[in-house]
Amino acid sequence: MSAEAVHAESFIRRYLFSTDHKTIGKQYLLTAFFMGLFAVGWSILIRIQLAWPHANLPLLSRLFPGLYQDGVLLPERYLSLVTMHGTVMVFFVISFALVSGFGNFIIPLHIGARDMAYPVLNMLSYWTAVPACILMIASFFVPDGAAAAGWTAYPPLSALPQAVPGSGWGQTLWLLGMALFIASFTMGSLNFVTTILNLRTKGMSMFRMPLTVWTLFISSVLGILAFPALTAAAIMLLLDRHGGTSFFLPSGLVVGGQVLEHSGGTPLLFQHLFWFLGHPEVYILVLPAIGIAFDVVAVFGRRPVFGYRTSIWALLVIGVLSMIVWGHHMFTSGMNPYLGEYFSVATVAITVPFAVLGMNLIASLWRAEIRLHPAMLFALAMIAAIGLGGLGGLWLGTASSDMYLHDSYFVVGHFHFMIGVVTAFGIFAGTYYWFPKMFGRMIDQRLGKIHFWATSVGVFFAFIAMHFLGLGGVLRRTYDPTAYEYTASVTWLNLPISIALFLAAAAQVVFLVNFFWSMFRGQKAEANPWEAATLEWTTPSPAPHLNWRELPSVFRGPYEYRTDGRAAGYRSQVVPDEPPAEVRA
Amino acid sequence: MTTGGQKREVFALAALFVAIAAVTVIGFAHDWKPPVASEEGARVDSLIRYLLFATGAVLVIGAAALVAFLWRYGRGLPSPAPRSDPRLERWWSLVPVLGMAVIAEVGVLVKGLPVWKRVYGAPPPGALVVEVNAQQFEWWVRYPGPDGVFGRRDPHLVDATANPLGLVPEDPAGRDDVVVRNALHLPAGRPVHVRLRSRDVLHSFSIPEFRVKQDVVPGMITAITFVPSRAGSYQIACAELCGLGHYRMGARVIVHPAEEFDTWLEGQNGALQ
Ligand code: HEM
Ligand SMILES: [Cu+2]
Ligand SMILES: [Cu+2]
């Protein structure tokens, strides 16, 4: 079957209900950008509120009559904005783009497969994710507004409709949307794991896979192991809300002047279930970004990755540890203090493999020949974000200091470095790097660099400064950060932070313009514009249906750059070893 | 190969890394925390100082290496061919492994654990026991009164104005209980054991000047112990999202010199008297 014959499909089969992993990957990526517009938009409203908590904003009031009243953002809507920003960013932007988007696009191309192991399941995964998105967005338009209990959805707030306005239909839609998301993500993860284990081409041993594939593999395994806990929690919470059960609700609750009938449950159970997923989930997101950074640093640094094998071991250790540290989100929750201390010891141990990854990334620049393509800029800046996030994590993982820092802006700064900057920079690095393979055209570098600089200046300043706010005692999820006197001397930071983030948000407009302009108007791309050694660059750009006319065979590791000493010198994974000297003679 | 444009960019990128490290180090060198006012808080501050120096050193070393490599290998100077030596790389990984393991676990076990023990261990004899009740969006403080025993409570008796905590009138132990709204009076220099209860949703009892924080969980009693070290006025701030009034769920903490506190407490009427 020739590639052309396959291409003669209808528009719908080709672009909408496609089973081609590349199309599905692009669908996820574009869906992530679309959802990102909402999530970034909400964050701008949040930052306006925090920068000018007492201002009257008639224009916003007119634009968003459901959120503002008489020029003032309603406190309960503020909580909806925070909740939905977090939820949509974590699950519908970062997960979609990094794991589902790049995962789908790149795994078969990296390992030499024609498609995913289960192409139809793959399509189903995407078309389960779409209604999940619709439910999330729609929840803003139901009576009482979108969910407002935080992205962590802790009961009783999330279980009792009378406890907070958003705990009405908004919370129910949130739970249903999450259930669909989990179903979709699980289908994807199963597909990834099966594909990586079974469909590697001849010669592609596990230890010849690019690190991006390794990180996606570990993320997928973590997803399969951890998400069922959230499924269980979501079902129980739905039952508590609508079925009269009391999984998370104890007796003696008095809400709105009424004694509730519930008895026998505990809110702590939900927290354990949530974080049993929630903690691995953040690693599910950060690992592929780090994998992309390694690949990009090797290509644009023209040298083999430093510590390819030690990085894989570090990733595996991170994978294992990430399943047994969830309690560090609950040091102050009321769980047994001995258990808390165990979680503290285990959590800070995670900084060890992270430090190995960080050192390997930095050392990969030793004797490099650095080319500052936008992909490389984002990968290099990501190293700084990993350092800041990881070192801040140490402050939080130490239970006794977390007692002060928990639920403060220090945590917000920490996780925005990790789950915000590292992952976003992974998405950007991956986009600038694989754009030619995705769309057959080059993406504009100048605009890419403007995008990089504006984004970096904004986010690094803002998220570092959030640590200072947190040290000053400013608490997260507060509608008016000036409400407490003891923070009076630090809250001025909110204004510069907001301005920095507006700059970073504006930079994303440049990115989107560049992305869509280059998609249609960019210069045509060759098969291997970066002189890269991995398999995806051995097929034309854009990669054709079924990826290769003939499946490639692999003879070497993914990073053989400049081993002959020349900057342009590299050996693609498909180049066979030269026959030994005796044979040649 | 390398253009003047790239040289400028390498300079800019190096400057970015230097700026990131500088803003971080200079910013953290400033003490943002509100002045500390408890013995445990002083120890938390000491732990934070340790973390600051330890992680600051790692950050500076990492940034220096990054900038040095960028500078040396980013500007198109001929560079020696890279070597890929798995054995060497394994040896190198011992540096971050040992370094981070020591930094991290010293923080938790040497600096952190003693604080943890003071806050969560059994309260020392003679500690003042206080019950703090959280509800949307206020704090009700209860002292056991002269008999030293808290009276029973029943949620069905809760009445927003007459009996906010649902005290059982038939229970003699409760007659002398002292109940105060949105103010926590404490003696300086004496251990305080706070028992926390919520009747509706999660809250979190935090006093930033004391560096303590403990979630308040409906259906169970959580507790912490600390020693206020300075007389003065501080604040309770709810630290766990609890609804639309969460951001203003504060209360006063008034730390009296020890004798003054006793006088204050004696002057209070029992809730049901
Ligand atoms: C170096 C290793 C890390 C350590 C020791 C660490 C430690 C912690 C701790 C103890 C907390 C809880 C803080 C609190 O609520 O008081 C936390 C929160 C968080 N961390 Fe990390 N972390 C690390 C790396 C990461 C990474 C790689 C990511 C994600 C990509 C991440 C994402 C998050 C998120 C999203 C939260 C906040 C969740 C929430 O409360 O909303 N962390 N981290
Ligand atoms: Cu975690
Ligand atoms: Cu609260």
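Each chain gets a letter, A, B and so on, in the order the sequences are listed, and its residues count up from 1.
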With chain B, the option among A/Thr266, A/Val352, A/Val457, A/Val164 that has the most non-hydrogen atom pairs under 4.5 Å is A/Val352

Heavy-atom contact with chain A under 4.5 Å, split by part of B/Ile236: backbone

Residue from B/Val23, B/Thr24, B/Val158 scoring the most non-hydrogen pairs under 4.5 Å with chain A is B/Thr24

Could you tell me whether the side chains of A/Asp402 and A/Thr332 share a donor-acceptor contact shorter than 3.5 Å? no

Check each atom of B/Gln214 against the heavy atoms of chain A and say whether the ones under 4.5 Å are side chain, backbone, both or neither. both

Any idea which of A/Thr563, A/Leu469, A/Leu253, A/Thr478 has the most non-hydrogen atom pairs under 4.5 angstrom with chain B? A/Leu253

Under 4.5 Å to a heavy atom of chain A? For B/Val10 that would be both

Non-hydrogen atoms of chain A under 4.5 Å away: do they reach the side chain of B/Leu113, the backbone, both or neither? both

Sort B/Ser79 into side chain, backbone, both or neither according to what part of it lies under 4.5 angstrom from a heavy atom of chain A. both

Greatest number of non-hydrogen atom pairs under 4.5 angstrom with chain B, of A/Arg77, A/Glu341, A/Glu76, falls to A/Glu341

Structural part of B/Leu196 lying under 4.5 Å from a heavy atom of chain A: neither

Taking side chain as everything from C-beta outward and backbone as N, CA, C, O, which of these in B/Val97 sits under 4.5 Å from a heavy atom of chain A? Side chain, backbone, both or neither. both

Heavy-atom proximity to chain B below 4.5 Å, by part of A/Arg476: backbone

Does B/Arg118 offer a backbone N or O that forms a donor-acceptor pair with the side chain of B/Glu40 under 3.5 Å? no

Please identify, among A/Ala349, A/Gly307, A/Ala314, the residue contributing the most non-hydrogen atom pairs under 4.5 Å to chain B. A/Gly307

Partner chain B: residue of A/Ala159, A/Gly473, A/Pro304 with the largest heavy-atom pair count (under 4.5 Å): A/Pro304

Between A/Val348 and chain B, which part of the residue has a heavy atom less than 4.5 Å away: side chain, backbone, both or neither? both

Among all residues two or more places apart in sequence or in another chain, which pass the salt bridge (charged side-chain N to carboxylate O under 4.0 Å, His left out) test with B/Asp85? none

Mind checking which of residues 237-246 of chain B sit less than 4.5 Å from chain A, heavy atom to heavy atom? B/Ala237, B/Cys238, B/Ala239, B/Glu240, B/Leu241, B/Cys242, B/Gly243, B/Leu244, B/His246

State whether A/Tyr559 and A/Arg303 meet the cation-pi test: NZ (Lys) or CZ (Arg) under 6.0 Å from the six-membered ring centroid, and within 45° of the perpendicular axis. no

Using heavy-atom distances under 4.5 Å, tell me whether A/Val259 contacts chain B through its side chain, its backbone, both, or neither. side chain

Leading residue by heavy atom contact count with chain B [cutoff under 4.5 Å; candidates A/Pro75, A/Ala399, A/Gly334, A/Ala384]: A/Ala399

